[in-house]
Number of protein chains: 2
Amino acid sequence: MNESDIVMRNIKAELIKTAQDMIQKFGYNAFSYRDIANEVGIKSASIHYHFPSKADLGEAVAADYRKKFMGTLKEADEQGKTTSELLILYVSLFKQALIEDNKMCLCGMLSAEISSLPKQIAAETKLFFHENQNWLVSVMLRHVKPSSSAPMTDFKTEAALFVASLEGALIVAKGLGDVDVFNKITEKFLSPYLD
Amino acid sequence: MNESDIVMRNIKAELIKTAQDMIQKFGYNAFSYRDIANEVGIKSASIHYHFPSKADLGEAVAADYRKKFMGTLKEADEQGKTTSELLILYVSLFKQALIEDNKMCLCGMLSAEISSLPKQIAAETKLFFHENQNWLVSVMLRHVKPSSSAPMTDFKTEAALFVASLEGALIVAKGLGDVDVFNKITEKFLSPYLD
DNA sequence: GTCTATAAGATGATAGAC
DNA sequence: GTCTATCATCTTATAGAC
């Protein structure tokens, strides 16, 4: 018995992680406090101490996802990577969920369900897409040679199409029941951006 | 009082229509028999006469959607339309849901939720994507000039990318809270196919 | 075919002991 | 912070009257 046996559990973080996993797999309306409680190993009533309502939990999950997602991107950005490298990293963030457990992008799932979500969660979801679009535009503006006199709106649409292709690739891969479809699709629309 | 006042209601069809609408808006796990019952104007217990279980209803909804969707495509196909016209029609089928009531494609929603669905519904969802892919491949094979010696798998991937772009465009438009983003995105990836 | 009545279980949530 | 106990409500579903 030594210090390494004393494991500090961060229940709040575990709740967020488990809820995030279930939303990506099943959707926001398909999991209950009991489901997470069983997974984490506490009672469902105890969750209310950390997150008074399910909407609070959902909001925390979405915010955590967005911050980590954008954090990874900004970090890679500051390392002076090329457009190719940055976009390949971006694609890998989506692919990760799919190969891990046939999961959706968290905010892709939430966006599909957005009309049935508490307002706080819907707002967090929108923030994710806006920040994603901004990041992609900044990458494209800095690195891609602008075709003649392409206006700013073209980059915003190009960024939107890029995210859309990824969210859709997840859905189609799941719908066809073939994970490798994701690779084939992304290879196709990514190729113009590669060195 | 004449014959035109005698309105024949097809409750079963109304149930399917209402359930379809709610799945596209909220997701399969976010509506109840009570919700549809209230909308249609009968009691929730009565629904079980038409659809013994919710899975039966979900299966019927998905099958109905797929058959009407593919029916529209095949019909247009037989009228000898051009690739441009066929693909514009295809895109319009997705756009329709979005502008109508910020809805997803039914099977896009179901595919996102697929891990939480009864097997019959998951199977119907997969069928939709396979039939869509096949239709798109047939259109592309007949009308698009194949680039040099492009193998068949390229068309399957190209078709998958096409569907993915549309499913994703719905998600991103909803996520950005801007329906017009759908138009801008589809215009961008559709343009290479237009005359 | 639709209703009322009812069931068994799940759900998000609260109160209060420890 | 976590527990037990409890709640009101919702969920899918069935039985039987009309």
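When reading the values below, keep in mind they use all heavy atoms of this one structure, side chains included, and skip hydrogens, waters and symmetry mates. A note on names: the letters A, B, ... follow the listed sequences, proteins ahead of strands, and every chain is numbered from 1. From a predicted model like this one, the values you see are computed outputs, not experimental measurements.
- Taking the six-membered ring for Trp and the full ring otherwise, Y193(A) and F162(A) have centroids separated by under 6.0 Å.
- Both L136(B) and L141(B) belong to a single network of hydrophobic side chains, linked directly or stepwise wherever heavy atoms of I, L, V, M, F, W or Y lie under 4.5 Å apart.
- Atom CE of M22(A) is separated from atom P of dT11(C) by 11 Å (rounded to the nearest Å).
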Nucleotide N/O of nucleotides 13-16 of chain C paired with protein N/O under 3.5 Å:
unit_1	atom_1	unit_2	atom_2	d
dA13(C)	OP2	K54(A)	N	2.8
dA13(C)	N7	H48(A)	NE2	3.2

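- As a whole-Å value, the separation of N29(B) CG from dA10(C) C1' is 14 Å.
- Contact annotation for S32(B): backbone-only contact, meaning every heavy-atom pair under 4.0 Å involves sugar-phosphate atoms and none involves a base.
- Checking each of K68(B), K67(B), R66(B) against D64(B) for a salt bridge (charged side-chain N to carboxylate O under 4.0 Å, His left out) leaves exactly one that passes, namely K68(B).
- Applying the 4.0 Å criterion to OP1 and OP2 of dT2(D), one finds that Y49(A) has every side-chain N and O outside that range.
- Rounded to a whole Å, the CG atom of L15(A) is 15 Å from the C1' atom of dG12(C).
- Remark: F94(B) engages F69(B), Y90(B) in a ring-ring contact (aromatic ring centres under 6.0 Å, His included) (not counting sequence neighbours).
- The distance between atom NZ of K43(A) and atom P of dC3(D), rounded to the nearest whole Å, is 7 Å.
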Criterion side chain to side chain donor-acceptor pair (under 3.5 Å) on D56(B) and S53(B), from CA distance to verdict: CA-CA 5 Å; D56(B) 294 320; S53(B) 78; 3.1 Å; yes
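- Take A13(B) and apply the side chain to side chain contact (heavy atoms under 4.5 Å, CB included) test, not counting sequence neighbours, and it matches N10(B).
- Rounded to an integer number of Å, the gap from K12(B) NZ to dT2(C) C1' is 15 Å.
- Straight-line distance from the CG atom of N38(B) to the P atom of dT2(C): 15 Å, rounded to whole Å.
- Straight-line distance from the CZ atom of F31(B) to the C1' atom of dC10(D): 15 Å, rounded to whole Å.
- To the nearest angstrom, P of dG9(C) lies 17 Å from CG of D35(A).
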